[in-house]
Every structure is written in C-alpha cells, then in structure tokens.
Amino acid sequence: MIRSSSCDRDPANVSSRRRDRFNGGTEEALTVEKHNPAMVMLNDVTQQIHEGNYQVALAYGFNWDEIRALESLSHQEFHWLKTQSPNFMEFEVRINHQQTQMALQRLAAQKKTLDVQQRLLVAGAPRALMIQLFGWVPQHYCSQRKLLKLDAALPRGGRPTNPTLNEEEDILAAWDQRSALDLPERYFYFVTFKKSLSV
C-alpha cells in the first residue's frame, strides 16, 4: 500500500530540496524521469486510473487500496511519489533472441522491398504492375509517385509502342536468364532492360 505522512503532503513543511521535487525537479531530474522505467510506468498507470481503466493497474499488480491512493493524489503529491517509484516498482526484462532475430529479418526484408518499389517507380513501372506485385491500391501508387516527385517525369495516357521481333526475343531471353530473382527484382531488370533497348 502507498503511504505518505502529512509532512510529506505539505510542501511548506519540507526542505527546499524536497520542495523542488514537488515542483517537478531540476532539468537533470526531468531527464532522469524521462528515462526511468518506473517513473514512466507509474505515470501511465495513474493516467489509466484517472480514465477509469482500473484493470490496467490491477494487471500491473496494484491492489485496490493502492489504486484509490493513486487516484486521490494531488499533482504535487504525485510528482513526489514518482521520485520514489524506483524503490517500490521492480522490473525484470527478458529478451527473446529468436523473436528479436525474426523481427530484424522482417525489417531487412521490408527495407529491401521498399527499395525495389522505389526503383521500379523511378524506372517507370505502371500502376497495374505495382498493384499486381505488391497489392497496392491506385491511391497509394499516386502518393508514392508524388513522394518521389515523379508526377511530371513520365507522359500520361497511351500505351507504349510494341517491341520489334528482335527486341521481344532479347527481352524474353533476358527474362529467362533471371528466373532465380524475386519477381519484383526480375520486373525491375526487365523495365531497365527494355529502356536500354529504346536508347
């Protein structure tokens, strides 16, 4: 249970150093508070209590007497209690290394996909292709082109000219030679290769 004496509750009866704690503390103290998990957690729990989400506090391990005490604290009392939170709130952090590696691998895959998407757009990939490859909606295609400042880079409307017979054979041969690539990478090479034929 949270306990505080009447002396602790009255800033007029404490030393200037403790009064400073009531008033939020020095800049150094605020920096410590920002990076102290106990203070951050107590702040979040108290906010949840004031919003009526008592189950959050109960899930963290507070009992009803402590919840009622937290709910009744004044602003100054709460700031003082927060400075004491490292003394009564304990944490045990466990790192799941397997899940960490999986998350990092997914992040790397997302980064690679984003890079391929941007290179395809810069190379002139049409909307239908991006929808087929990545499940984009038309609005997302337009927003990504705007993000890359490609709005005026390519002509609108019309269909590209058909390749000649020799160009078509070269394109199909290049496509077959890169069958080991992921489909987006394969299309990127195809787009750039087709551009090189028109130069």
Side-chain angles (χ1 to χ4, degrees), residues 1-118 121 130-131 133-149 182 184:
M1 182 185 297
I2 299 171
R3 297 185 178 90
S4 57
S5 67
S6 59
C7 177
D8 291 338
R9 293 182 179 179
D10 185 3
N13 295 330
V14 298
S15 66
S16 60
R17 182 177 178 182
R18 295 183 68 188
R19 187 180 298 113
D20 188 49
R21 290 182 179 178
F22 273 110
N23 294 330
T26 62
E27 182 177 348
E28 181 181 358
L30 292 175
T31 302
V32 172
E33 175 182 326
K34 181 179 179 181
H35 298 286
N36 189 295
M39 294 182 181
V40 173
M41 179 177 169
L42 183 63
N43 191 74
D44 178 66
V45 168
T46 305
Q47 181 178 343
Q48 294 292 333
I49 289 172
H50 284 291
E51 292 175 359
N53 300 323
Y54 301 110
Q55 293 302 320
V56 174
L58 291 169
Y60 275 124
F62 290 94
N63 59 41
W64 280 107
D65 288 338
E66 293 164 345
I67 290 172
R68 294 188 186 96
L70 288 173
E71 195 171 27
S72 65
L73 293 177
S74 69
H75 183 72
Q76 290 179 330
E77 289 171 338
F78 173 71
H79 275 287
W80 181 87
L81 185 66
K82 196 156 60 170
T83 65
Q84 306 302 305
S85 59
N87 297 326
F88 60 83
M89 299 179 74
E90 298 179 352
F91 296 86
E92 181 179 355
V93 178
R94 296 179 181 176
I95 305 299
N96 186 319
H97 297 288
Q98 182 178 2
Q99 291 296 324
T100 301
Q101 290 301 317
M102 290 175 61
L104 290 173
Q105 289 170 4
R106 286 195 296 268
L107 178 62
Q110 290 176 358
K111 183 178 180 181
K112 180 181 178 181
T113 298
L114 179 61
D115 178 65
V116 172
Q117 290 172 349
Q118 291 182 342
L121 288 174
M130 301 304 285
I131 291 174
L133 290 177
F134 305 108
W136 284 9
V137 296
Q139 294 85 346
H140 187 66
Y141 176 80
C142 294
S143 66
Q144 291 302 302
R145 283 181 53 81
K146 287 181 180 178
L147 184 65
L148 297 173
K149 303 186 186 305
D182 292 337

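What you see is a predicted model; the values in this text were computed from it and never measured. Just so you know, these numbers use all the heavy atoms, side chains as well, and skip hydrogens, waters and symmetry mates.
- The local environment of CD in Glu51 is crowded, with over 12 non-hydrogen atoms from other residues, nucleotides or ligands closer than 6.0 Å.
- No side-chain heavy atom of Lys82 sits under 4.5 Å from any side-chain heavy atom of Thr46.
- The line from CE of Met89 to CE of Met41 is 4.0 Å long, rounded to the nearest 0.5 Å.
- Classification of the His79-His75 ring pair by plane angle, with boundaries at 30° and 60°, yields perpendicular.
- Between Pro184 and Leu133, the closest heavy-atom pair is CA-CD1, 4.1 Å.
- Counting only heavy atoms from C-beta outward, the side chains of Leu73 and Trp80 never approach each other to under 4.5 Å.
- Two residues are said to be in side-chain contact when any heavy atoms from C-beta on lie closer than 4.5 Å; Asn43 and Met39 fail this criterion.
- Here CG of Leu70 is found 12.5 Å from CD of Gln48. Values are rounded to the nearest 0.5 Å.
- How far CD of Gln144 is from CZ of Phe134: 11.0 Å, rounded to the nearest 0.5 Å.
- Taking CE from Met102 and CG from Asn96, the interatomic distance works out to 9.0 Å, rounded to the nearest 0.5 Å.
- If you take CD1 on Ile67 and CG on Leu58, they are separated by 4.0 Å, rounding to the nearest 0.5 Å.
- Take Arg94 and apply the side chain to side chain donor-acceptor pair (under 3.5 Å) test, not counting sequence neighbours, and it matches Glu92.
- Checked by atom type and distance alone, the side chain of Glu66 pairs as donor or acceptor with a backbone atom of Asn63 at under 3.5 Å.
- A distance of 11.0 Å separates CD in Gln101 from CD in Gln99, rounded to the nearest 0.5 Å.
- Sorted by first and then second residue, the pairs that involve residues 36-58 and meet ring-ring contact (aromatic ring centres under 6.0 Å, His included), not counting sequence neighbours, are Tyr54-Trp64.
- A salt bridge links Arg68 to Asp65: at least one charged side-chain nitrogen sits closer than 4.0 Å to a carboxylate oxygen.
- Residues Tyr60 and Leu42 have side chains not in contact (no heavy-atom distance under 4.5 Å, counting atoms from C-beta outward).
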